[in-house]
Visitor: 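Input: one structure, supplied below.
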Number of protein chains: 2
Amino acid sequence: MAGVTERAQAEALDAADPLAGFRTRFELGDARHVYLDGNSLGRLPVATRSRVQAVLEQWGSQLVSGWPEWIDLPLQAGDAIGALIGAAPGEVAVTDSTTVNLYKLAQACVGARGGGALVTDRGNFPTDRYVLEGIAAARGLQLRIFDSDPLDGPVVDDLDELRAGDVVVLSHVAYRSGALADMRALTAAARSRGATLIWDLSHAAGAVPVDLRGAGAELAVGCTYKYLNAGPGAPGYLFVASELQGALRSPIQGWFGQRDQFAMERDYDPADGIGRFLAGTPPILQLAAVEEGARLTAEAGLDAIRAKSVALTELIVALHDEWLAPLGFELGSPREPACRGSHVSLNHRRAWTFTRALIDARVTPDFRGPDSIRLGVAPLYTSFTEVFDALDRLRAIAQRDDLPDAAPARVT
Amino acid sequence: MAGVTERAQAEALDAADPLAGFRTRFELGDARHVYLDGNSLGRLPVATRSRVQAVLEQWGSQLVSGWPEWIDLPLQAGDAIGALIGAAPGEVAVTDSTTVNLYKLAQACVGARGGGALVTDRGNFPTDRYVLEGIAAARGLQLRIFDSDPLDGPVVDDLDELRAGDVVVLSHVAYRSGALADMRALTAAARSRGATLIWDLSHAAGAVPVDLRGAGAELAVGCTYKYLNAGPGAPGYLFVASELQGALRSPIQGWFGQRDQFAMERDYDPADGIGRFLAGTPPILQLAAVEEGARLTAEAGLDAIRAKSVALTELIVALHDEWLAPLGFELGSPREPACRGSHVSLNHRRAWTFTRALIDARVTPDFRGPDSIRLGVAPLYTSFTEVFDALDRLRAIAQRDDLPDAAPARVT
């Protein structure tokens, strides 16, 4: 992408983009608005609006008779996501939030294999760390948080201290730097030490090819409202490799995880299969949206998505080097595309002020304190021209010598 | 209601019903269909369809900029529900499923006050029992399940065995018999023994006046898709009395419960107030539906709702006595209206066969094995004529001597 310094060149890349047609599968609102925060909340697919409408119709007209269809949605949407992350059918369920799912899996592992420490890296997403802190305190276990290089993410050497019985949680793509962890190598390293590794796929699924089974991974969780475009707060998912399912029990025993759910007089006896990790009644409107989002991603195909994602982030890096580095920016993401997910962080002392100015210039980035502007590219709807325009506007903003510091504010 | 044996009398009751106008606030589908399962899944309010549509619009056009508004919904919808159950503002949050919420509160109580047994009654809803079974096993605590009289529900004498440090879960309205527990007396009995009582309001809220603070209750959970009409799998809620909030910690520590959620570099430090019982990102489409359902209930007022609920269930009891008892039915609910929630169970050896025949006759009841037909009345949309017609059709079905036994099937 080095050498793209004219808008016409970006337009030519769009003209040649095999995924360009997917942009119209989303509601675009003000199409001139450049949205580079799909890594936080993905766009609304056109099909999802119709699907949610259909579920409302079904609720309104069929009422409780809708349940025989709805009740299969957690596993049905799970299989749709499973196909995107290298899981076999019956290994993924969509239910609860990512936080609750991580809690269930981590507690189940501690119960079945634990006794060791709970382990994660300082750069992991906060909710993952909070979950482990809580479990460690409740069960009197050690919590070990190691520092990984932000630009590398966790690497095999970081796992040298692992011991048998440890339960480790790592993100496949680091939320801050976008560093892409080597799932296969890290999984093997953890297993060889007798530790259990739970992957958080939140910033990876839908944007990066993930091959859980191929990598030997046993456990994972993730969210659906980023690159899977399932809407604000849509339920998360969990993956448990089939050979492990029988050995693990969810700490939250609810009627949706019970064998023969409607035979209500018996003691709890977890269902066979991934269904045992369900708990209470799942939110059907938003589960339907998960299935739609996963279908759209499957239709485009992850190889095509990844190829475009790399091209888009390469364009960001090239324009950073050309335009922004001379203005005091530093690249906060890996330079090597094979080591990077689908967002790029640009660091600058005045990042918050520039973020506010970008929003005023009709570009939505994501800000992570204290000094990082994250630009997320979602290959299904982000164009090369949008990336070009966003960087061009950021350059103009950074060149201004009259821009006052923005007031600190609560940032979402 | 004794003496109402002509349809015209039921029509007259509808004509005089002050809540009759609320029926048009719901989507009615086939209006000739008699729906008596609002105790399982309530109808779709007209306003909810618009509200969900508005959230979709907001997602589609504002994208991540919608979050500053959405982020307040768990507590905002919580306050709307709190006003219906006798909680003060800031004492209720809508989040997660009822199962997960019960797990959080029960674990928090065991952590802060526990060491005793986990206690519930055999007649409580299965998911409540499953949750306690799981916690008891994980923490090595005793699980005590006592038998209460199905027609009385749990009573003060049943709590004689309670000891300090016990954590008890009881339903305010029994899911099977509809027995209405004496919240004030049972709460006092538990507290006087040093035990902690968590109320499950799932079959009560929206149909029965609940006064948590007036009853001295400290903790409660409940669901929103029954009489609160928030749709299939809409999130549940939890209540923690304000004076207790600081002493309890959720076992599931997530970023939505963190003080200053977006300052991401710190250890977990639970927010002040009810927000500390949130965990992961809540499902916004369905949270908005909860707020709409709660608003509609508040507009009608629980005194009017209760008065009509009692009149409707009295009509069921009267027609049972007049028509069905001679055909071998037995009343499976308390006869005294003050001791009854908003559904009535009619027991018969052939209940499952009659349930199938009722559905064919365009009446939707609810079946609970082995022998119980539950008829739920939702005063916002159930009419006296509907109840009359349903009982009339059930009578005709039970009088048939040519009705074959229905095949057993999975029942929702």
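For the numbers below, each heavy atom of this structure counts, side chains included, while hydrogens, waters and symmetry mates do not. Throughout, a chain's letter reflects where its sequence line sits, starting with A, and its residues are numbered from 1.
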Visitor: Below 4.5 Å, heavy-atom pairs only: which of A/Leu287, A/Ile135, A/Ile252 has the largest tally toward chain B?
Guide: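 Of A/Leu287, A/Ile135, A/Ile252, A/Ile252 has the most heavy-atom pairs under 4.5 Å with chain B.
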Visitor: Would you mind telling me which of A/Thr95, A/Asp30, A/Leu41, A/Ile145 has the largest number of heavy-atom pairs within less than 4.5 Å of chain B?
Guide: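 Answer, by heavy-atom pair count under 4.5 Å with chain B: A/Leu41.
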Visitor: How close do B/Thr99 and A/Gly280 get, heavy atom to heavy atom, and via which atoms?
Guide: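 Taking every non-hydrogen atom into account, OG1-CA, 3.4 Å.
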Visitor: Go through the atoms of B/Ala230 and report whether side chain, backbone, both or neither lie under 4.5 Å from a heavy atom of chain A.
Guide: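 Backbone only.
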Visitor: Measuring from atom CG of A/Leu28 to atom CG of B/Leu63, what distance do you get when rounded to the nearest 0.5 angstrom?
Guide: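 Taking CG in A/Leu28 and CG in B/Leu63, the distance rounds to 9.5 Å.
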Visitor: Under 4.5 Å heavy-atom distance to chain A, tell me which part of B/Asn101 shows up: side chain, backbone, both or neither.
Guide: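 For B/Asn101, neither part sits under 4.5 Å from chain A.
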Visitor: Looking at every non-hydrogen atom in both residues, tell me the closest pair between A/Ala279 and B/Val100 and how far apart they are.
Guide: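 Looking at all heavy atoms of both residues, the shortest contact is CB-CG2, 4.3 Å.
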Visitor: Name the region of B/Thr98, side chain, backbone, both or neither, that has any atom closer than 4.5 Å to a heavy atom of chain A.
Guide: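 B/Thr98 has no heavy atom closer than 4.5 Å to chain A.
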Visitor: Tell me, for B/Tyr225 versus chain A, whether the close heavy atoms (under 4.5 Å) come from the side chain, the backbone, both or neither.
Guide: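 For B/Tyr225, the side chain is the part near chain A, not the backbone.
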Visitor: To the nearest 0.5 Å, what is the distance between CD on A/Gln58 and CG on B/Leu44?
Guide: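 It comes to 12.0 Å.
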Visitor: What's the spacing between A/Trp67 CH2 and B/Asp37 CG if we round to 0.5 Å?
Guide: 12.5 Å
Visitor: Calculate, to the nearest 0.5 Å, the distance between atoms NE2 and OG belonging to A/His33 and B/Ser61 respectively.
Guide: 10.5 Å
Visitor: Less than 4.5 Å to any heavy atom of chain B: does that hold for the side chain of A/Phe125, its backbone, both, or neither?
Guide: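 Interface part for A/Phe125: side chain.
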Visitor: Can any side-chain N or O of A/Thr127 pair as donor or acceptor with the backbone N or O of B/Trp255 at less than 3.5 Å?
Guide: yes
Visitor: For B/Pro283 and A/Gln286, which heavy atoms make the closest approach, and how far apart are they?
Guide: CB-OE1, 3.0 Å
Visitor: So which of A/Thr281, A/Val52, A/Asp96, A/Val55 has the biggest tally of heavy-atom pairs under 4.5 Å with chain B?
Guide: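 Between A/Thr281, A/Val52, A/Asp96, A/Val55, the count favours A/Thr281.
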Visitor: Would you mind checking which part of A/Asn39 comes under 4.5 Å of any heavy atom in chain B, side chain (CB onward), backbone (N, CA, C, O), both or neither?
Guide: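 Neither part, no heavy atoms under 4.5 Å.
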Visitor: So, the side chain of A/Trp59 versus the backbone of B/Gly42: is there a donor-acceptor pair under 3.5 Å, distance only?
Guide: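 Side chain of A/Trp59 to backbone of B/Gly42: a pair is present.
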Visitor: Look up atom CD1 in A/Ile284 and atom CG in B/Leu285, then write down how far apart they are to the nearest 0.5 Å.
Guide: 13.0 Å
Visitor: Is the backbone of A/Leu132 close enough, under 3.5 Å, to the side chain of B/Gln253 for a donor and an acceptor to pair up by distance?
Guide: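 No; zero donor-acceptor contacts below 3.5 Å.
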Visitor: Which region of A/Thr48, side chain (C-beta onward) or backbone (N, CA, C, O), has a non-hydrogen atom less than 4.5 Å from a non-hydrogen atom of chain B, or is it both or neither?
Guide: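 The side chain, not the backbone.
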Visitor: Would you mind telling me which of A/Gly123, A/Pro126, A/Pro45, A/Gly29 has the largest number of heavy-atom pairs within less than 4.5 Å of chain B?
Guide: A/Pro126
Visitor: Donor-acceptor pair, distance only, cut-off 3.5 Å: does the side chain of A/Arg129 make one with the backbone of B/Arg266?
Guide: yes
Visitor: Taking C-beta and beyond as the side chain, do A/Tyr103 and B/Pro251 meet within less than 4.5 Å on heavy atoms?
Guide: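 With C-beta onward as the side chain, the pair touches.
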Visitor: When only pairs under 4.5 Å are counted, which of B/Ala138, B/Pro235, B/Gly254, B/Gly369 shares the most heavy-atom pairs with chain A?
Guide: B/Gly254
Visitor: Once you round to the nearest 0.5 Å, how far does OH of A/Tyr35 lie from CD of B/Gln62?
Guide: 11.0 Å
Visitor: If you look at every heavy atom in A/Ser40 and B/Val64, which pair is closest and at what distance?
Guide: OG-CG2, 3.6 Å
Visitor: Against chain A, label B/Pro232 side chain, backbone, both or neither, depending on which of its atoms sit under 4.5 Å from a heavy atom there.
Guide: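 Both the backbone and the side chain of B/Pro232 come within 4.5 Å of chain A.
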Visitor: With a 4.5 angstrom heavy-atom cut-off, could you sort out which part of A/Asp128 is near chain B: side chain, backbone, both or neither?
Guide: neither
Visitor: I'd like to verify something: which residue of A/Gly66, A/Ala234, A/Cys223, A/Gly231 has the highest number of heavy-atom pairs under 4.5 Å with chain B?
Guide: A/Gly231
Visitor: Looking at B/Tyr268, is its backbone amide N or carbonyl O close enough to the side chain of A/Glu133 to form a donor-acceptor pair, meaning the two atoms are under 3.5 Å apart?
Guide: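 Yes.
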